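These notes are about the structure you will find just below.
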Amino acid sequence: MVIRFFWTRAASVWIAVLYMVLGLLLLLFPDASGRFFIRALAAGAVLYGVVHLWRYGQSRRTAEDSPGDLFLGVLPLAFAAFALLRPLTILSFLPLTLGLLLLVDGIGKAPLAIRAVRGRGADRFPQLIACLLPIVLGGLLVADPFQGARAVIMVFGFALLADGASDLATAILARRSGGSGG
């Protein structure tokens, strides 16, 4: 039933192909993809800021000052200018945050790993891996978040490519097995 629903929706196949194309673009061109993302983000911030500045101007004409609109106009414009001047700084926030979260996760699991190693339990190796892997990966991301941004974009591209390929393979196999029902 689920496979029939999947295949009868032609859009699902096109979405799978789109995922694969986007995944390849992110995987092959991570720097250009990152710059494009930041430019699109800056363009959205400019649009948002201009709308609020326009609303602020309208409210001043009607003698109903709206300082909130002024703030919501200037702040996104400042962000857009910063993003366009320093796109890598904006991109580095994601790997930096992810790295810090991984470090906290790994350090938080340290007492469990130490207890498993001291007790020579059967779970000592999985516990050590669950503790050390996040610490190592988090440390790498925190040490160089700029290069980490590139790696995160490539990993996301690989994930999109794999997801799209999996969806497409599922649709093709369902069609071949006659699971589509028409």
Side-chain angles (χ1 to χ4, degrees), residues 1-48 76 79-80 82-110 112-113 116 123-177 179-180:
M1 173 109 175
V2 172
I3 292 175
R4 181 178 183 182
F5 174 75
F6 178 80
W7 185 251
T8 57
R9 295 186 58 211
S12 295
V13 172
W14 289 110
I15 288 173
V17 171
L18 177 66
Y19 278 9
M20 291 170 57
V21 168
L22 288 176
L24 272 175
L25 289 174
L26 293 174
L27 195 57
L28 297 175
F29 307 106
D31 297 327
S33 300
R35 284 191 305 271
F36 177 78
F37 174 76
I38 293 301
R39 288 180 182 146
L41 188 64
V46 166
L47 182 64
Y48 185 81
F79 169 79
F82 181 75
L84 290 173
L85 293 173
R86 298 279 187 207
L88 282 178
T89 303
I90 300 299
L91 277 177
S92 70
F93 279 112
L94 175 62
L96 182 64
T97 304
L98 180 60
L100 290 172
L101 288 173
L102 284 169
L103 282 172
V104 168
D105 180 50
I107 292 168
K109 291 177 181 173
L112 296 173
D123 64 339
R124 68 179 177 259
F125 292 113
Q127 289 284 358
L128 274 174
I129 291 170
C131 172
L132 295 178
L133 188 62
I135 290 174
V136 170
L137 290 175
L140 289 172
L141 287 173
V142 169
D144 190 2
F146 298 107
Q147 191 64 22
R150 188 172 201 271
V152 168
I153 291 170
M154 291 175 73
V155 167
F156 186 66
F158 178 77
L160 275 176
L161 182 63
D163 185 42
S166 172
D167 287 350
L168 189 59
T170 301
I172 291 170
L173 290 174
R175 182 78 187 253
R176 283 186 183 166
S177 70
S180 68

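In what follows, residues are counted from 1 in the order of the sequence shown. Just so we're clear, the structure is a prediction, and the values are computed from it rather than from any experiment. Side-chain atoms are counted along with the backbone in the values below, which use heavy atoms only and exclude waters and symmetry mates.
One distance of note links CG of D167 with CD1 of I15; it measures 9.0 Å at 0.5 Å rounding. Atom CG of L112 is separated from atom SG of C131 by 8.5 Å, given to the nearest 0.5 angstrom. Rounded to the nearest 0.5 Å, atoms CG (D123) and CD1 (I129) are 11.5 Å apart. Here the CG-CD1 distance, from L102 to I135, works out to 10.0 Å after rounding to the nearest 0.5 Å. Here the straight-line distance linking atom CG of L26 with atom OH of Y19 works out to 12.5 Å at 0.5 Å rounding. In this structure, W14 CH2 and L168 CG are separated by 10.0 Å, a value rounded to the nearest 0.5 Å.
Atom CZ of F79 has more than 12 neighbouring heavy atoms from other residues, nucleotides or ligands inside a 6.0 Å radius. By the neighbour-count criterion of 12 heavy atoms within 6.0 Å, atom CZ of F125 is sparsely surrounded, having that number or fewer from other residues, nucleotides or ligands. The number of heavy-atom neighbours closer than 6.0 Å to CZ of F158, taken from other residues, nucleotides and ligands shown, is 12 or below.
Taking both residues in full, the closest heavy atoms of G148 and P95 are given as C-CG, 3.5 Å, listed atom of the first, atom of the second, then distance. L27 and M154 get closest at one heavy-atom pair: CD1-O, 3.3 Å. Between A80 and V46, the closest heavy-atom pair is CB-CG2, 3.5 Å. The minimum heavy-atom distance between P145 and S92, with the atom names listed, is CB-O, 3.7 Å. In this structure, R124 and A116 approach most closely via the heavy-atom pair CB-O, 3.6 Å.
Side-chain contact check for L100 versus V104: every heavy-atom pair is 4.5 Å or farther apart. Looking at heavy atoms from C-beta onward, L96 lies out of side-chain contact with L141 at the 4.5 angstrom threshold.
Of the residues T89, L91, L88, the one that meets the side-chain contact (heavy atoms from CB on, under 4.5 Å) test with I38 is L91.
Without hydrogens or angle criteria, T170 side chain to S166 main chain gives a donor-acceptor distance under 3.5 Å.
Ion pair D31/R35 not flagged as a salt bridge, since none of the NZ, NE, NH1 or NH2 atoms sits closer than 4.0 Å to an Asp/Glu carboxylate oxygen.
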